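To keep things clear, I will list the structure first and then write my remarks on it.
Here the structure is a predicted model, which means the values were calculated and not measured.
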Amino acid sequence: MNQVNSSKQENRAPESAGGADEPRLGDDSQSFIGLRLRELYDNVVSEPVPDRLVELLKKLEEDDGKSN
């Protein structure tokens, strides 16, 4: 039984703690991705809230006021 367990452990990939062997994006690539994500987020945040969602929020607010 010990041989089976030890052979399984030997076949596992070593757990890395941020070593140099891990692939990493360059600083320019990271900056570009960050910029694009911020642009996407800004576009989503600036979209108006749908009327249906506003109605649901008002109903929830009313229900919360009745329960208190």
Side-chain angles (χ1 to χ4, degrees):
M1 183 75 114
N2 288 338
Q3 288 178 335
V4 172
N5 289 338
S6 64
S7 66
K8 285 182 181 180
Q9 289 176 352
E10 289 173 11
N11 291 333
R12 290 184 188 165
E15 293 184 21
S16 172
D21 293 342
E22 289 186 17
R24 183 180 182 285
L25 290 175
D27 291 340
D28 290 341
S29 296
Q30 288 183 17
S31 294
F32 177 75
I33 292 170
L35 177 66
R36 298 297 292 167
L37 286 172
R38 281 189 291 278
E39 288 174 358
L40 178 64
Y41 178 78
D42 288 343
N43 288 338
V44 171
V45 169
S46 66
E47 291 180 7
V49 178
D51 292 336
R52 178 72 179 131
L53 183 57
V54 172
E55 290 172 19
L56 288 172
L57 290 172
K58 286 180 183 178
K59 286 181 183 179
L60 284 172
E61 199 171 87
E62 289 172 5
D63 291 344
D64 190 38
K66 289 178 185 177
S67 65
N68 287 336

Show the atom names and distances, to 0.1 Å, of all donor-acceptor pairs under 3.5 Å that link a side chain in residues 42-59 to residues at least two apart or in another chain.
unit_1, atom_1, unit_2, atom_2, d
N43, ND2, E39, O, 3.4
S46, OG, D42, O, 3.2
S46, OG, N43, O, 3.0

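By the side chain to side chain donor-acceptor pair (under 3.5 Å) test, E61 pairs with no residue at all, sequence neighbours left out. In terms of the side chain to side chain donor-acceptor pair (under 3.5 Å) criterion, R38 has no residue partners (sequence neighbours excluded).
Chaining together hydrophobic side chains whose heavy atoms lie under 4.5 Å apart places L37 alongside L25, I33.
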